[in-house]
Amino acid sequence: MLRHLHPIVAANRAPLALQPADPYRGTPERLVKGSGGLVTGLSTLAATTEAVWVAVARDEADRMLMERGDPAELVTEDGTAYRVAFVDPGREAYELYYSVISNPLLWFIQHYLWDLAREPVVDGSTQEAWTKGYLAVNELVAEQVVRQARASRQTPLVFVQDYQLYCVPAMVRNELRDVRIQHFVHVPWPTPQYWSILPRRMRDAIVDGMLGADVIGFQTSRDVRNFLMTCEDNLGLTVDMRERTVLYEGRAIWVRNYPISIDVNELTRLAERPEVLAEERSIAEWRPKHLILRVDRTDLSKNIVRGFLAYERMLEAHRELHGDVVFWAFLQPSRQDIDDYRAYLGNVLGVAARINRTYSRGGWTPIRVEVEENMERAAAAYKSFDVLLVNPIYDGMNLVAKEGPLINRTCGVLVLSENAGSHEELGRHAITVNPFDVDETAEALYLGLTMDQQQRQQRQEGIREIVRTNDISRWISLQLQDLRELIG
Ligand code: G6P
C-alpha cells in the first residue's frame with residue numbers, strides 16, 4: 001500500500017545519536033541507535049518504508065548531524081540506513097518545549113505522577129512555555145513535514161509520534177490538502193478529569209491538534225476508551241464508543257489500539273553478538289545463586305524506589321536468602337536536565353545505599369546499581385535474570401517486559417505491574433503486582449525466585465509465544481491495514 005505514498009515519520013527524537021570522536025581517549029565517531037521505547041519500535045518502520053524521519057535537534061551532536069543534509073542520509077553502526085530531517089528551534093525554545101511542557105507537565109499528567117495537593121502550579125510562565133516552546137516547536141516540525149511532503153509527487157503518509165507533538169497533525173492538515181496522517185501515542189491516556197489539571201485552552205488545543213489525524217493510535221484498549229471519553233466530556237464532541245470514532249469537522253477519526261512491540265529477529269541476533277557474550281562472562285563472575293533484575297530509564301514513572309523497598313521487605317522476611325541473592329538495577333540516565341529527574345535519581349541511589357548499609361555482610365552487597373546506557377550489557381543481563389521486576393506506576397507499554405523474557409536463558413519469571421500497558425497482553429503469564437503495594441511486590445519477588453522449574457518455563461514460553469506472534473512487524477502491518485481500509 002505504500003507504493004503510491006510518501007511516508008514521513010515525525011518524532012521529537014531522531015532514531016540515532018552521534019557520539020563524536022574523542023581525540024583524547026582516541027575513540028572514533030559512532031552513530032548509535034537512540035534510546036527509549038519510541039525509537040525501539042519506530043526504527044523498523046522507518047528503515048523498512050525508507051521514510052524521511054523529521055526530528056528536533058536536541059543538542060550539539062544533533063546539530064552536527066543536521067549539517068549533513070536535509071534530509072541527512074545516515075547509517076548506524078549496525079548497518080541500518082535512515083533519512084533524518086532535523087529542525088532546530090534553538091536552546092531556549094527547546095528547553096521550554098521539552099523540559100517545561102513535555103516533561104514534566106504532560107508526562108506527569110499522562111502517568112498520573114503529580115502530587116496534586118502541591119503541584120503543578122500553573123501560571124503565566126506555563127502559558128509562555130506553551131506558546132514560545134511547545135507550539136513554536138510543533139509549528140517548526142509541521143513546516144518541515146510539509147516541506148518534505150512537497151518534495152515528493154506522491155501523497156504524503158505522515159506518522160506523528162507521541163506527546164511532544166500533539167499539535168502537529170492539525171498544523172499539517174491545514175497546509176496539505178491530500179494527506180494521510182496517523183498519530184500514535186506511546187504513553188497512557190488518562191481520564192478526562194485528570195486532563196482538567198491543564199487550563200482549557202491548552203488541553204483543548206492538544207485534542208484539536210490530534211484530531212487533525214485520520215487515525216489516532218494508542219497502546220491499549222483502556223487508552224482508547226479514555227481518549228473517547230475525553231473528546232466527549234471535555235470537548236463536547238460526538239463519539240461512537242462501539243465504532244471507536246470521533247466526529248470532527250465533518251470527518252470521522254478512527255481511534256484504535258496497536259500494542260507496540262520489539263524487533264524479535266534483531267534482538268535475537270544481538271543476544272548472540274560477541275560483545276554480549278563478553279558481558280555475560282563478566283556478569284558470571286559476580287552473579288549470585290539468585291538474580292533479580294530491573295532495566296529502566298531513571299524515570300519517576302518506573303517506580304524504582306518502591307522496587308527496592310519491596311526487596312528490602314523480602315530480605316527481612318527471608319533471612320535464608322541473605323548472601324545468595326542480588327537485586328541488580330541497570331538504569332539508563334534520563335532527562336537529567338529536569339530537576340525532578342535529577343532529584344529522583346538521587347533518591348534511587350540514596351535508598352539503595354541505605355539498604356546496602358543495613359544488610360551487607362561478609363562481602364555480600366544486596367543491591368547493585370549501575371547507571372549506564374549500554375544495550376549489549378542490558379542484553380546480557382536479560383539473558384541472566386531469575387526474576388525481572390517491571391513495576392511501573394503507569395506505563396504506556398514497557399518493552400523491557402517483552403525484551404527480557406524473549407532472550408532469557410535461565411527460565412526467568414516476570415513480575416509485572418498491572419498498570420503497565422504490556423500487562424494487557426502478558427499479564428496471564430506474569431506474576432501481577434499492584435505497583436504501590438510493596439508487601440505484595442515482596443511476595444511476588446519471593447514467589448518468582450522459588451517457583452518450580454516447570455512453571456517458570458511454561459510462563460516464559462507463554463510470553464515468548466505472544467511476543468513472537470505480535471512482534472514489531474505486526475504492529476506496523478495492523479496500522480497499515482487500518483489505513484488501507486480507511487483510504488480505500
Ligand atoms: C518514552 C517516550 C518517548 C521518549 C522516550 C525517551 O518512551 O514515549 O517519546 O522518546 O521515553 O525519553 P526522552 O525524553 O529521552 O526522549
Side-chain angles (χ1 to χ4, degrees), residues 9-18 32-46 53-59 61-62 84 86 89 94-113 133-134 137-138 141 159-166 168 183-190 206 210 216-220 223 258-262 295-304 331-342 344-345 371-373 375 378 390 392-403 419-422 472 475:
V9 171
N12 172 55
R13 246 184 197 273
L16 42 75
L18 173 71
V32 295
K33 194 170 249 183
S35 66
L38 182 150
V39 164
T40 309
L42 257 275
S43 39
T44 309
L45 176 112
W53 184 306
V54 175
V56 186
R58 310 161 69 240
D59 50 23
D62 278 356
V84 187
F86 283 101
Y94 187 81
E95 159 97 16
L96 297 174
Y97 146 84
Y98 183 82
S99 302
V100 180
I101 301 294
S102 303
N103 312 294
L105 187 57
L106 298 182
W107 181 271
F108 277 29
I109 287 177
Q110 299 207 235
H111 294 82
Y112 297 94
L113 291 176
Y134 194 84
V137 174
N138 274 242
V141 169
F159 296 96
V160 183
Q161 304 303 312
D162 233 355
Y163 60 98
Q164 302 93 341
L165 302 178
Y166 282 140
V168 168
H183 192 136
F184 189 82
V185 181
H186 294 251
V187 295
W189 190 270
I206 286 174
M210 295 167 81
I216 302 176
F218 290 97
Q219 302 278 25
T220 69
D223 301 320
Y258 311 100
I260 200 167
S261 194
I262 54 174
V295 178
D296 279 306
R297 288 187 302 104
T298 55
D299 195 292
L300 290 82
S301 65
K302 305 294 181 185
N303 206 19
I304 301 167
L331 307 175
Q332 290 71 60
S334 187
R335 305 179 186 164
Q336 290 302 296
D337 37 2
I338 299 169
D339 292 347
D340 283 318
Y341 279 79
R342 270 199 312 277
Y344 187 64
L345 178 53
V371 183
E372 188 193 344
E373 182 95 52
M375 193 53 208
V390 179
I393 290 174
Y394 284 95
D395 210 335
M397 174 53 57
N398 197 302
L399 293 180
V400 170
K402 296 187 174 183
E403 289 170 341
N419 295 338
S422 46
I472 192 66
W475 180 71

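Each ligand, and each atom within it, is numbered from 1 in the order the structure gives. All heavy atoms count here, side chains included; hydrogens, waters and symmetry mates do not. Keep in mind that what you see is a predicted model, and the values were worked out from it rather than measured.
Where the criterion is an N or O separation shorter than 3.5 Å, residue side chain and backbone included, N103 fails it with respect to ligand 1. Inclusion of H186 in the set of residues having an N or O under 3.5 Å from an N or O of ligand 1 is not warranted. An N or O contact shorter than 3.5 Å links R13 to ligand 1 by distance.
Atom 13 (P) of ligand 1 has as its closest protein heavy atom Y98 OH, 3.4 Å. Among all protein heavy atoms, the one lying closest to atom 8 (O) of ligand 1 is D162 OD2, 2.6 Å. When only non-hydrogen protein atoms are considered, atom 7 (O) of ligand 1 lies nearest to G37 N, 3.4 Å. Closest to atom 12 (O) of ligand 1 among all protein heavy atoms lies R335 NH2, 2.9 Å.
Heavy-atom contacts of V187 reach the following atoms of ligand 1: 8 (O) (cutoff under 4.0 Å). Remark: ligand 1 atoms within the under-4.0 Å shell around heavy atoms of W107 are 1 (C), 2 (C). Near L38, meaning under 4.0 Å from any of its heavy atoms, are these atoms of ligand 1: 3 (C), 7 (O), 9 (O).
Taking a 4.0 Å cut-off on heavy atoms, Q164 registers as neighbouring ligand 1.
With respect to the salt-bridge test (charged N to carboxylate O, under 4.0 angstrom), the residues D395 and K302 qualify.
To the nearest 0.5 angstrom, Q164 atom CD is 9.0 Å from L106 atom CG.
Looking at heavy atoms from C-beta onward, I393 lies out of side-chain contact with N419 at the 4.5 angstrom threshold. You'll find the side chain of V185 stays beyond 4.5 Å of the side chain of Y163, heavy atoms only. W107 places none of its side-chain heavy atoms less than 4.5 Å from the side chain of L300.
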Show your reasoning for whether side chain to side chain contact (heavy atoms under 4.5 Å, CB included) applies to H186 and I260.
CA-CA 8 Å; H186 294 251; I260 200 167; 3.6 Å; yes

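You'll find the ring centres of Y341 and Y344 outside the 6.0 Å limit.
Classified by interplanar angle (parallel below 30°, tilted 30° to 60°, perpendicular above 60°), the ring pair F184/W475 is perpendicular.
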